[in-house]
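A short write-up of the structure that comes next.
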Amino acid sequence: MSALSPPPTYELIADKDTGKVTLPWLLFFDQVFTGDRGTPWIPTITGLTISGTPVITGTYYQVGTLVFFSILIVPATSTTSVNGTTYCANFPLTMKSDTSCTAVTNAPSAALGMCDSSSNRIYFPSWTAITSQVTVSGWMVAS
């Protein structure tokens, strides 16, 4: 995990007298929102039909076991995905449960995919000949 310290577990989250959040907790949450730039990885995608050479990047943010991930696909010409056969199999953390993910484009459109804990794969939804960038993102519990 990059640039993120654990929460101050020895401090109360709120002052007993005023009920206001204490300073160490404010500093921790400030790190969450401004200090963590995420951990990059290069997703390996199977079953993506491409024209040209796309740029594919991935980033994930982990706080405890809660993880947010984002995969950005910028096509050279176009990309096509088929639900159930297009997936990323090299997510760097182990998924603890199945969740959904979403693919969005600036077309604008959105569709649901799936994070499968039994195979540790992120399955993409279907899209056909998209010429604009596609972002696949979601939340999961991972270790």
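Between Phe91 and Trp41, the distance from one ring center to the other falls under 6.0 angstrom.
Hydrophobic clustering (side-chain heavy atoms under 4.5 Å, transitive across Ile, Leu, Val, Met, Phe, Trp, Tyr) groups Ile122 together with Ile50. A continuous path of ILVMFWY side-chain contacts below 4.5 Å connects Val136 to Val67, so both sit in one hydrophobic cluster. Leu48 and Ile130 end up in the same hydrophobic cluster when Ile, Leu, Val, Met, Phe, Trp and Tyr side chains are linked at under 4.5 Å.
A 4.5 Å side-chain heavy-atom check between Thr131 and Thr77 finds every atom pair outside the cut-off. For the pair Met114 and Ser100, the minimum side-chain heavy-atom distance is 4.5 Å or more. Between Ile56 and Ile71, some side-chain heavy-atom pair lies under the 4.5 Å cut-off. Within the 4.5 Å cutoff, the side chain of Ile45 has heavy atoms near those of the Ile73 side chain. Within the 4.5 Å cutoff, no side-chain heavy atoms of Cys88 are placed close to those of Arg121. Side chains of Thr135 and Ser70 form a contact here, defined as non-hydrogen atoms less than 4.5 Å apart.
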task = Applying side-chain contact (heavy atoms from CB on, under 4.5 Å), run through Ser119 and Tyr87 and close with a yes or a no.
result = CA-CA 11 Å; Ser119 63; Tyr87 59 87; over 6 Å; no

ask   = Is there a side-chain contact (heavy atoms from CB on, under 4.5 Å) between Thr46 and Phe124 once you walk through the steps?
value = CA-CA 10 Å; Thr46 300; Phe124 295 3; over 6 Å; no

message = For Gln62 and Thr39: C-alpha separation, side-chain torsions, deciding distance, then whether side-chain contact (heavy atoms from CB on, under 4.5 Å) applies.
response = CA-CA 9 Å; Gln62 182 176 15; Thr39 302; over 6 Å; no

task = Using the side-chain contact (heavy atoms from CB on, under 4.5 Å) rule, take Leu93 and Tyr60 through it: C-alpha gap first, then chi angles, then the decisive distance, then the call.
result = CA-CA 9 Å; Leu93 303 174; Tyr60 68 89; 3.6 Å; yes

request  = Give the C-alpha distance, both sets of side-chain angles, the deciding distance and a yes or no for side-chain hydrogen bond (donor to acceptor under 3.5 Å, both in side chains) between Thr79 and Trp127.
outcome  = CA-CA 8 Å; Thr79 62; Trp127 66 76; 2.9 Å; yes

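What you find for Val104 and Ala110 is that their closest heavy atoms are CG1-CB, 3.8 Å. In this structure, Asn120 and Met95 approach most closely via the heavy-atom pair OD1-N, 2.8 Å. For Ser132 against Thr105, the heavy-atom pair with the smallest separation is OG-CB, 4.0 Å. Shortest non-hydrogen contact noted between Cys101 and Cys115 is CB-SG, 4.2 Å. Minimum heavy-atom separation, Ser81 to Pro125: OG-O, 2.6 Å.
Between the side chain of Ser126 and the backbone N or O of Asn83, at least one donor-acceptor pair lies under 3.5 Å.
Ring orientation note: the planes of Phe68 and Tyr61 are tilted relative to one another, at an angle of 30° to 60°.
From Thr94, atom OG1 reaches atom CE of Met140 across 10.5 Å, with rounding to the nearest 0.5 Å. From Ser143, atom OG reaches atom NZ of Lys96 across 5.0 Å, with rounding to the nearest 0.5 Å.
Thr44 and Asn90 form a side-chain donor-acceptor contact under 3.5 Å, judged by distance and modelled atom types alone. Judged purely by distance below 3.5 Å, without hydrogens or angles, the side chains of Thr99 and Trp139 never pair a donor atom with an acceptor atom.
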